2 protein chains.
Amino acid sequence: MAQSDTVDRILDAAEELFAERGFSETSLRMITGKAKVNLAAVNYHFGSKNALIHAVFARFLSPFSTTLETAFDNLEDRCDGKPPTLYETLWALTESAVRMPQRNDRGISIFMRLLGLAYTQSQGHLRKFLEQEYSQPFGRFMRLLKEATPELSSVDRYWRIQFMLGATAFTMSSSDALRDILQNKTGIETSVQEIGARLVPFLAAGMQAPDKLLTPPPESKVSVA
Amino acid sequence: MAQSDTVDRILDAAEELFAERGFSETSLRMITGKAKVNLAAVNYHFGSKNALIHAVFARFLSPFSTTLETAFDNLEDRCDGKPPTLYETLWALTESAVRMPQRNDRGISIFMRLLGLAYTQSQGHLRKFLEQEYSQPFGRFMRLLKEATPELSSVDRYWRIQFMLGATAFTMSSSDALRDILQNKTGIETSVQEIGARLVPFLAAGMQAPDKLLTPPPESKVSVA
DNA sequence: GTCTGTTTGAAACATACGTTTGAAGCACCG
DNA sequence: CGGTGCTTCAAACGTATGTTTCAAACAGAC
């Protein structure tokens with residue numbers, strides 16, 4: 001077999017198991033079992049379980065990161081000088097995610113689910129790793145968002161960006177389950193692309209919502225009584 | 001000491017530790033250590049770790065559930081016949097969450113973080129437990145949402161509800177961290193109430209976004225080239 | 001005071017985990 | 001052929017987990 005078929009088999013198995021069960025809930029024995037590889041192979045090739053987690057992320061995040069950079073390049077080229085609109089910026093992001101070359105048909109779901117888990121599951125080492133390795137495209141995205149929403153105060157923008165991240169990470173991290181539920185209830189099949197296409201207008205509208213009102217709706221003076 | 005001071009001490013400790021570390025990452029020994037209680041007490045009083053998790057949720061979810069029901073009652077009374085607006089419905093929910101009597105000042109954050117974890121951390125038993133115990137207020141909320149957005153197709157509504165849930169669960173589950181970050185960057189203090197007040201307009205706007213476009217923005221034919 | 005049922009305590013149990021070890025296997029080059 | 005460097009393998013290591021055990025402590029009723 002090729003030099004490191006083993007490495008790829010471990011990565012494949014780990015990726016899938018992490019995506020469907022989380023990190024702490026996936027043991028090395030499950031991974032090596034699924035990959036049909038000896039238990040010690042993980043520590044031999046990667047060094048530790050945490051390093052394996054990093055490798056899983058690096059394998060799809062690094063290509064995605066460059067894809068994203070060129071997408072942003074194209075975007076800025078097209079509207080030379082003027083900053084891209086919010087809608088365009090968001091769309092460039094989802095396009096990049098969706099058009100990533102995938103290893104298999106579940107690729108995108110896994111990709112999304114892992115990203116969601118990374119944000120959600122508070123694995124300290126992972127957060128540090130991601131911040132170190134991928135701060136550049138992330139920072140650029142933030143800059144584009146800022147230029148696309150000059151009307152927002154930076155505090156407003158800050159919170160609304162968190163809301164966007166949440167809606168995205170959460171939805172994508174359970175996109176498989178959500179698709180299945182809808183499929184069972186209505187028989188409708190939904191592609192990840194379609195979820196993205198539904199998400200973008202939602203996010204754009206929320207981001208550009210009329211001035212936040214720090215007050216309850218006018219009729220609700222009774223609510224405490 | 002009172003008959004089951006022990007039970008409450010365990011619940012308090014478990015609640016906090018679960019909120020800050022997740023379920024699998026929190027061991028019974030950490031909990032009993034923090035609660036200053038014998039290790040065996042957990043299995044004696046609750047039966048198992050999973051049952052303890054359920055108990056933690058039940059303790060704050062049951063009162064919240066009844067608070068929410070009366071909030072919805074008030075809401076429907078006030079606008080007799082006509083269905084409440086989306087904004088009013090969302091506001092009733094956040095009001096209920098925010099006005100819940102709390103055990104301490106971090107109460108709301110913990111509450112929110114646990115809810116987020118419940119959705120995110122795919123603990124099968126927890127999902128089942130929550131669905132069984134709290135399907136009624138959840139179903140009612142869904143019904144109100146449906147009546148408040150008659151213009152949406154049920155598929156659109158389905159996805160946008162997921163987006164709302166995501167933005168909420170995610171933001172709230174890391175509200176502590178997000179507040180600290182903003183505090184460090186700008187010196188601005190933010191209350192959970194205020195986050196809720198910012199969230200509602202975002203969600204309402206997203207929910208009522210113009211018809212979802214399944215197409216990229218007009219200028220982006222180049223994006224694949 | 002003594003008995004009874006409940007609660008606590010220290011210790012052990014069995015199991016699962018991540019990691020390490022050292023021998024065996026293998027491909028390649030001299 | 002013999003040796004060298006990388007890879008695989010079965011087995012074990014040490015540690016941590018959830019759970020169980022059973023004796024001690026306790027409270028309340030008689």
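Every chain is numbered from 1 and lettered A, B, ... according to where its sequence line falls, protein lines coming before strand lines. Predicted model, so just to flag it, every value in this text is computed and none were measured.
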Worksheet entry | OP1 or OP2 of D:dC6 under 4.0 Å from side-chain N/O of A:H45 |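 Result: no.
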Worksheet item: A:R143 and A:E147: salt bridge (charged side-chain N to carboxylate O under 4.0 Å, His left out), yes or no, with the steps?
Response: CA-CA 6 Å; A:R143 219 174 311 121; A:E147 292 168 358; over 6 Å; no
Worksheet item: Any Lys/Arg nitrogen of B:D73 or B:R140 sitting under 4.0 Å from an Asp/Glu carboxylate oxygen of the other?
Response: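 A salt bridge is present here (some side-chain N lies under 4.0 Å from a carboxylate O).
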Worksheet entry | Parallel, tilted or perpendicular: ring planes of A:F72 versus A:F141, cut at 30 and 60 degrees | parallel
Item to complete: Return the orientation label for the B:Y134 and B:F129 ring planes: parallel under 30°, perpendicular over 60°, tilted otherwise.
Response: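 Rings of B:Y134 and B:F129: perpendicular, as their planes differ by over 60°.
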Response to the item:
Its contact letters, B for base, S for sugar-phosphate only and - for none at protein heavy atoms under 4.0 Å, make nucleotides 16-27 of chain C read -BBBBB------
Worksheet entry | Interatomic distance where CD1 belongs to B:I10 and P belongs to D:dT19 [whole Å] | 13 Å
Worksheet item: Rounded to the nearest Å, what distance is computed from the CG atom of residue B:D5 to the P atom of nucleotide D:dC26?
Response: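 After rounding, the gap between these two atoms is 16 Å.
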Worksheet entry | Test item: B:L203 and B:M207 side chains (from C-beta on) under 4.5 Å apart, heavy atoms | no
